[in-house]
Amino acid sequence: MTEIESKIDEKEQKILHGIPMWPQEKINRFRETLLSWYDIEKRDLPWRKNNDPYRIWVSEIMLQQTRVDTVIPYYLNFMNNFPTIEALANAHEDVLLKAWEGLGYYSRVRNMQKAAQQIMEDYDGEMPKDPKEISKLKGIGPYTTGAIASMAFGLPEPAVDGNVMRVLSRLFEIDADIAKPGNRKIFEAIMRELIDPYKPGDFNQAFMDLGSSICTPKNYHPELSPVKEFNQSYQNGTWDKYPVKSKKKKAKPVYYVGAIIKNAEGAFLLEKRPENGLLANMWTFPLIEEESVTHEAEIKKGTLTGVTDENKTEQVIKNVMAELEAKYAVKPTLMEQPFDEVQHIFSHLKWFVAVYYGQVVKEEESMFIPENCYWVHPSDFDHYTFPGPQTKMWQSYLSKFNHN
DNA sequence: AAGGCGGGGCA
DNA sequence: TGCCCAGCCTT
């Protein structure tokens, strides 16, 4: 045993202080029980076809904060389009982003490509086996490191995600708040004790399957669990107290005017968002933050009211026109009222977008738009990656203006 | 340690 | 509606 490893063990012993660990005999029975259940009940998932590190890696990145059912079609499509680490490393970013459209957390795919390029340059095109090396790759944190090491390479590394923390907190009646990042190491320490050294990948995945099928956040029925005899909170009748998880802050409202501008050729003005931050490098109709738009829309008798403060309608139009001319160099004829309001909830923001429609009549007025903007015909929209709010604006436009 | 970063499914 | 989900990066 190296010096570094023994230090980690010492540290984790301290963390475990207060949480009584089971005797080895009980640990052995637990492993056997859980793995037997997994052998029978495990889900047939595309990335479980073999132990190819690339296949496992892609699935783990997609599954971050994303449900299995959502991921499957994206996964199949992605593996078809980018079947190897090399293909991923050499892909064009906009093609990559398009393959990720709708999955969310788009920096995941940009980081994954950077990691693929790291692997081509530093590791001869092969995913490294050493967890220390794996965790150096962009976008791969403690969880994904453990997942790849255990599932692809059979190493006894913990892979602690939300499922594992929930299951463990119920098994051992752990009061630590699982929303606090610092508490992850408690659960890692326990998993290092529990993990089956011969089938670490199956062991980790058994926790995932248990967490998503039986040991769920809601509608939890501990009496149905294959490991109920090991479940301390079930035996003590305290299971409804676990896990302890502090609440997240509410999404902050942000108000925009969305300007759907059509030119004489029937093309629409699209803008590429900045390369960093929210929805980086994705395409939307011009969005103008508008503080006067401080009301949620009410649709009464087919008419949209309440989107803007009363008496401020004219001011909103003036602001929008000024911004369109200054930033986008267009002077469209604009509807005096928005035709719809689109709402979109992110994890930390809630957008309210009052959608206006306008046309640029004269051809020469639409010639000098900025570099990050294009006039795009709807038949070419497929080549542009649209985030949720953009798709909602476009669908609303189609339903209002494109019928009959 | 806290906040930014998507989107959909569910009661 | 609010909460949840096979988290990671930046500050």
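Here is the naming used below: chain letters follow the sequence lines, and residue numbers restart at 1 for every chain. Note that the structure is predicted; figures quoted are calculated from it, not measured.
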Legend entry - Same-atom distance (P) from B:dG6 to C:dT11, integer angstrom: 16 Å
Legend entry - Ion pair A:K241/A:E173, N-O distance below 4.0 Å: no
Legend entry - Pairing of A:R184 and A:E188 as salt bridge, 4.0 angstrom limit: yes
Inset, instruction - In whole angstrom, give the distance that lies between atom CD1 of A:I134 and atom C1' of C:dC8. - result: 16 Å
Inset, instruction - Describe, in one word, how the ring planes of A:Y357 and A:F401 are oriented to each other, choosing from parallel (under 30°), tilted (30 to 60°) and perpendicular (over 60°). - result: tilted
Inset, instruction - With sequence neighbours left out, write down each residue that passes ring pair (Phe, Tyr, Trp, His ring centres under 6.0 Å) with A:F230, or none if nothing qualifies. - result: A:W22, A:F30
Inset, instruction - Indicate for each nucleotide in nucleotides 3-8 of chain B, in 5' to 3' sequence, whether protein heavy atoms under 4.0 Å reach the base (B), only the sugar-phosphate (S), or nothing (-). - result: SSBBBB
Legend entry - Check: A:F346 ring centre within less than 6.0 Å of A:H344 ring centre: yes
Legend entry - DNA chain C contacts among residues 211-221 of chain A, heavy-atom distance under 4.0 Å: A:S212, A:P217, A:K218
Inset, instruction - Could you list the residues that satisfy ring pair (Phe, Tyr, Trp, His ring centres under 6.0 Å) with A:F207, not counting sequence neighbours? - result: A:F203
Legend entry - Heavy-atom pair of closest approach, residues A:A87 and A:F82: CB-CA, 4.1 Å
Inset, instruction - Look at all strands and tell whether A:S59 reaches a base, only sugar-phosphate, or nothing, counting heavy atoms closer than 4.0 Å. - result: nothing
Inset, instruction - Verify, without hydrogens or angle tests, whether A:T333 (side chain) and A:Q359 (backbone) share a donor-acceptor contact under 3.5 angstrom. - result: yes
Inset, instruction - Pick the P atom in C:dA6 and in B:dA11, then give their distance to the nearest Å. - result: 16 Å
Legend entry - Protein-nucleotide distance (A:K250, atom NZ; C:dT1, atom P), rounded to Å: 9 Å
Legend entry - Check: A:F352 ring centroid to A:Y256 ring centroid under 6.0 Å: no
Inset, instruction - Provide the closest heavy-atom pair for A:P378 versus A:G266 in the form atom of the first, atom of the second, distance. - result: CD-O, 3.6 Å
Legend entry - Centroid-centroid under 6.0 Å between A:W283 and A:F386 rings: no
Inset, instruction - Check each residue of residues 74-98 of chain A for a non-hydrogen atom within less than 4.0 Å of any atom in DNA chain B, then write out the ones that pass by number, or none. - result: none
Inset, instruction - State whether the side chain of A:K228 and the backbone N or O of A:Y234 hold a donor-acceptor pair below 3.5 Å, judged by distance alone. - result: no
Inset, instruction - With DNA chain C as reference, determine whether A:N111 or A:S246 sits nearer its 5' end, using the nearest nucleotide of each. - result: A:S246
Legend entry - Donor-acceptor pair, side chain of A:Y397 and main chain of A:K392, under 3.5 angstrom: no
Legend entry - Those residues of residues 165-173 of chain A lying under 4.0 Å from DNA chain C by at least one heavy atom: A:R166
